[in-house]
Structures are given as structure tokens and as C-alpha cells.
Amino acid sequence: MYRILVVEDEQAMLLGLRDNLEFEGYKVDIADDGLIGHNLILESRHDLVILDVMLPSMSGFDVCKNVRSKGITTPILLLTAKGEEIDKVLGLELGADDYMTKPFSLRELLARIKAILRRSVGNSIVKEDTIIIGNMKVNFANYEALCNDEAIKMSHKEFEFLRYLWDHQNEVVSRDDLLDNVWGTDYVPLSRTVDNFILKLRQKVERDTNNPTIIITVHGVGYKLIN
Ligand code: CA
């Protein structure tokens with residue numbers, strides 16, 4: 001589940017964004033002050049930050065500049081008010097990934113959020129470098145995998161497959177999601193394709209393949225990678 005931080009001092013806007021983002025399935029943290037927001041961003045626990053420009057304690061621009069100077073790469077979407085449009089360019093130069101001018105439509109905001117998260121998935125994996133899933137250590141950036149500390153062979157598709165599950169960890173993904181995203185919508189699937197990949201992965205990550213605890217089956221729906 002993606003975790004989003006909203007930093008905004010207008011309470012109605014802050015709570016409205018929180019409720020709508022939660023409704024869309026995001027985990028949401030909020031802050032109504034620039035400095036508090038800044039310190040939360042430094043903890044680097046969020047997948048995306050929605051950051052208002054005009055804030056008490058520290059402006060959105062300063063927050064952005066500061067966290068970037070400290071090496072934080074979390075995507076930032078700036079919220080500017082009308083009349084601050086001149087500052088958009090400045091915001092992007094300071095390291096924001098996108099901006100929206102108030103008032104904006106919720107639909108547009110959600111679309112931007114999705115686009116930013118899609119773009120940043122690759123980066124976050126490179127940043128995380130090596131991940132640990134059960135018995136396995138996996139480096140998606142250079143397609144290396146260790147199982148119980150021994151190098152193992154995995155096909156490109158297996159990495160992509162695992163990566164898709166990892167990117168959607170703790171969410172249920174359907175067979176169709178996996179087929180569309182790993183093999184592409186043009187692919188004419190064999191009904192066992194996904195099941196076979198799941199079986200192979202379980203042999204690597206699970207301690208007991210008969211009782212999987214990491215890649216679990218959600219009957220009638222699909223699979224879930226628990227982390
Ligand atoms: Ca404000």
C-alpha cells in the first residue's frame with residue numbers, strides 16, 4: 001500500500017485530501033505546518049508527498065529545497081495557489097516532481113498521483129537496492145537473487161513477476177493484473193502461466209511450500225505478497 005504525506009495548513013483541504021486519498025486506498029499521514037512536514041519527509045517513509053507552498057514555520061519551497069539537499073528523493077507534488085503560478089518553475093527547480101494550482105479537481109490530482117507513483121517505482125527499488133523476501137535476497141536493479149545466501153538463477157520474467165508482487169505487497173493482485181502487467185495485454189495467457197510462476201517463486205521464498213506464509217493465495221481472487 002502506498003503511503004502519502006499531505007502537508008497543508010488549510011484544515012478543510014487537509015482533511016478533505018486525507019479522506020479522499022484514504023478512500024482511494026492510500027495510507028495517509030498529515031501535517032499542517034511546514035517544519036513538521038519537513039521532519040516527517042526526512043524520515044523517508046512515504047512514497048509521495050503532497051506539499052502546499054504557503055505554510056506556517058517553513059514554506060513549501062524551503063521544505064522541498066531542504067529535503068532534497070539532504071538526499072531525500074521522495075516524489076513531491078506541490079500545491080500552489082492562484083497567483084503563485086509564477087513560482088511553479090521555481091518549485092520544479094527546487095526539486096518538486098509536479099505541481100497543481102488550486103483550485104484543482106480531485107480527479108486530476110488522483111491521476112497525477114498515480115502517474116508520479118508509477119514513475120517512481122523504479123527509483124525506489126534502486127534506492128532500496130536489495131530487498132529481502134522470505135528466504136530470498138533480491139536486487140531488482142541488477143537482476144541478482146540469493147536464496148539462503150546462495151546465488152540462484154531466475155529468468156527476467158520471474159524478476160518482473162516478483163517485482164510486481166513486491167510493488168503491490170500486502171495487496172491482493174489478480175491473475176489478470178499479473179498477466180497484463182508482467183506479460184502485457186497482447187499476451188494470450190495459458191491458464192497455468194501465473195500458477196506456475198507462483199509455484200516457482202514459492203519454492204524459493206517459502207520455508208514450507210505446502211503452507212505458504214509469504215506469497216499466499218486469496219481464493220477466487222488472486223495472490224498476496226505479505227511483507
Ligand atoms: Ca497554505
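Everything numeric in this text was worked out from a predicted model, so none of it was measured. Both counts, for ligands and for their atoms, begin at 1 and track the order of listing.
Aromatic ring centres of W166 and F159 lie farther apart than the 6.0 Å criterion allows.
Here salt bridge (charged side-chain N to carboxylate O under 4.0 Å, His left out) pairs that include residues 23-39, with residues two or more places apart or in two chains, are R3-D29.
At a cut-off of 3.5 Å, with distance as the only test, a side-chain donor of S174 or D177 sits close to an acceptor on the other residue.
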For residues 216-227, which side-chain N or O atoms pair as donor and acceptor with protein atoms under 3.5 Å away, sequence neighbours left out?
{"from": "T217", "atom 1": "OG1", "to": "R202", "atom 2": "NH2", "distance (Å)": "2.8"}
{"from": "Y223", "atom 1": "OH", "to": "R175", "atom 2": "NH2", "distance (Å)": "3.3"}
{"from": "N227", "atom 1": "ND2", "to": "Q169", "atom 2": "OE1", "distance (Å)": "2.8"}

| task | Output, in order, the C-alpha distance, side-chain angles, deciding distance and verdict of ring pair (Phe, Tyr, Trp, His ring centres under 6.0 Å) for Y164 and W183. | result | CA-CA 11 Å; Y164 188 80; W183 281 272; over 10 Å; no
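The side-chain hydrogen bond (donor to acceptor under 3.5 Å, both in side chains) check on N211 picks up D208, with sequence neighbours excluded.
Protein-derived N/O/S atoms nearer than 3.0 Å to the Ca ion (ligand 1) total 3, waters excluded.
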